[in-house]
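Pasting in a structure now, in structure tokens, and then I'll have a few things to ask.
Note that ligands are numbered from 1 as they come in the structure, with each ligand's atoms numbered from 1 the same way.
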Amino acid sequence: MTTPDSMRRVLVTGAAGYIGSHACMRLIESGCRVVGLDDLSRGHRGATRALESAASRAPGEFEFVEGSIADRTGTVELLTDRRIEVVMHFAAFAYVGESVERPLLYYDNNAGGACRLLQAVEEAGVPRFVFSSTCATYGEPPEDRIPIAEDCPQSPINPYGRSKLMVERMLEDRVEAARTAGTPFAATMLRYFNVAGSDPEGRVGEDHRPETHLIPICLEVAAGRREALVIHGDDYPTPDGTCIRDYVHVVDLVDAHLAVMDAMKDGELRRYNVGLGHGWSVREVLESCRRVTGRDIPATMGPRRPGDPPTLFANASSIGRDLDWSPRFTDLDETVATAWRWMQANPSGYGAD
Ligand code: UDP
């Protein structure tokens with residue numbers, strides 16, 4: 001296959017995961033030449049097959065490479081050989097509870113892996129880097145800092161958040177060094193709030209094992225795969241006592257990556273929160289899932305989950321202002337409906353893949 005020189009060449013790490021696969025899909029649709037890298041430790045081969053199939057009908061191209069970001073030499077070769085211009089880095093472990101139990105796994109994979117990837121990016125002279133960061137880097141901001149803006153002090157409360165913050169620090173230093181040396185490089189960290197929903201066309205979706213997130217769990221109950229939702233506490237200082245989160249649709253989230261990819265200039269380091277700017281409580285999410293599925297979703301009350309701040313939502317005005325980004329999915333029911341469609345069509349996710 002010959003790739004026209006005008007096609008943007010993008011490497012997506014974690015391409016077989018939830019957000020990475022959606023990013024690949026949008027990049028392919030927008031005419032990019034996408035190389036998806038994943039070691040398949042948590043991603044799904046089924047996702048890469050869906051991307052290959054989509055690419056055969058889209059203006060862009062997709063190539064899957066099974067490999068690890070920890071393999072610095074292999075990554076340098078890949079970046080050089082495919083003449084990659086932009087790296088979007090999604091490959092990471094993302095379970096807060098697991099990070100508390102196995103912190104070194106998180107520091108090794110999320111921070112160590114990112115460091116090796118950044119070394120490869122430097123060695124291959126790739127000029128643009130987009131990093132998948134998280135609102136977990138803010139920890140538990142005081143009430144007067146909510147909605148959370150980018151200048152809110154970052155004080156993560158678990159190893160997952162700390163491992164992501166370490167990568168932010170690496171990027172700050174790396175951009176500074178490139179600026180000093182006058183070499184072309186720019187990076188953006190996008191701090192995601194709660195990512196939800198699936199590709200509206202149902203080609204890729206969310207398949208976490210185990211699943212810990214609220215919306216897919218509610219939908220699994222609706223589908224009869226779980227008995228009940230356990231609400232983690234209703235004694236929080238919120239109107240209905242349950243925690244409030246900012247649920248941004250995965251397609252809107254990945255659109256932010258595409259927007260920033262074209263906006264970055266050499267020597268720049270950008271930080272953006274990506275969320276809707278308001279939140280819904282656990283009870284409101286449950287009601288939305290009941291409306292969308294038309295099913296009774298039994299729920300029981302459980303104790304608080306350690307480390308859950310009562311309220312988290314973004315002040316996402318910076319990204320709106322700088323990149324003209326605004327979410328298309330502002331109705332929670334529409335977001336839930338895309339996730340429900342995927343789950344109904346793929347009752348066991350990507351299956352054994
Ligand atoms: N939650 C819940 N029951 C569940 C899963 C989640 O009550 O089975 C709550 C959780 O305590 C939090 C909200 O739903 O207040 C969102 O949790 P999720 O794990 O989806 O995302 P997080 O905000 O932890 O990144």
Extract all N/O-N/O pairs under 3.5 Å that connect ligand 1 to the protein, and present each with both atom names and the distance rounded to 0.1 Å.
{"residue": "ligand 1", "atom": "3 (N)", "partner": "V230", "partner atom": "O", "Å": "2.7"}
{"residue": "ligand 1", "atom": "3 (N)", "partner": "H232", "partner atom": "NE2", "Å": "3.4"}
{"residue": "ligand 1", "atom": "7 (O)", "partner": "H232", "partner atom": "N", "Å": "2.8"}
{"residue": "ligand 1", "atom": "11 (O)", "partner": "D308", "partner atom": "OD2", "Å": "2.5"}
{"residue": "ligand 1", "atom": "17 (O)", "partner": "R305", "partner atom": "NH2", "Å": "3.4"}
{"residue": "ligand 1", "atom": "19 (O)", "partner": "T212", "partner atom": "O", "Å": "3.4"}
{"residue": "ligand 1", "atom": "19 (O)", "partner": "R305", "partner atom": "NH1", "Å": "3.3"}
{"residue": "ligand 1", "atom": "19 (O)", "partner": "R305", "partner atom": "NH2", "Å": "3.1"}
{"residue": "ligand 1", "atom": "20 (O)", "partner": "L214", "partner atom": "N", "Å": "2.8"}
{"residue": "ligand 1", "atom": "21 (O)", "partner": "N194", "partner atom": "ND2", "Å": "3.1"}
{"residue": "ligand 1", "atom": "23 (O)", "partner": "N194", "partner atom": "ND2", "Å": "2.9"}
{"residue": "ligand 1", "atom": "23 (O)", "partner": "R245", "partner atom": "NE", "Å": "2.9"}
{"residue": "ligand 1", "atom": "24 (O)", "partner": "R305", "partner atom": "NH2", "Å": "2.6"}

So, are R102 and D108 salt-bridged, with charged N and O less than 4.0 Å apart?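 So R102 does not pair with D108 through a salt bridge.
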What orientation do H89 and F131 show, parallel under 30°, tilted 30 to 60°, or perpendicular over 60°?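 Because their plane-to-plane angle is under 30°, the rings of H89 and F131 count as parallel.
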State plainly whether the residues R72 and E122 are in salt-bridge range, i.e. N to O under 4.0 Å.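 Looking at R72 and E122, the cut-off is not met.
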Could you identify which residues cluster with I157, counting Ile, Leu, Val, Met, Phe, Trp and Tyr as linked when any side-chain heavy atoms lie under 4.5 Å apart, either directly or through a chain of such contacts?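 When side chains under 4.5 Å apart are linked, I157 ends up in no cluster with other residues.
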Do L78 and V35 touch side chain to side chain, with heavy atoms closer than 4.5 Å?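 Of all side-chain heavy-atom pairs linking V35 with L78, at least one is under 4.5 Å.
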Please verify the inter-ring angle class for F64 with F62; under 30° counts as parallel, over 60° as perpendicular, anything in between as tilted.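 F64 and F62: parallel rings.
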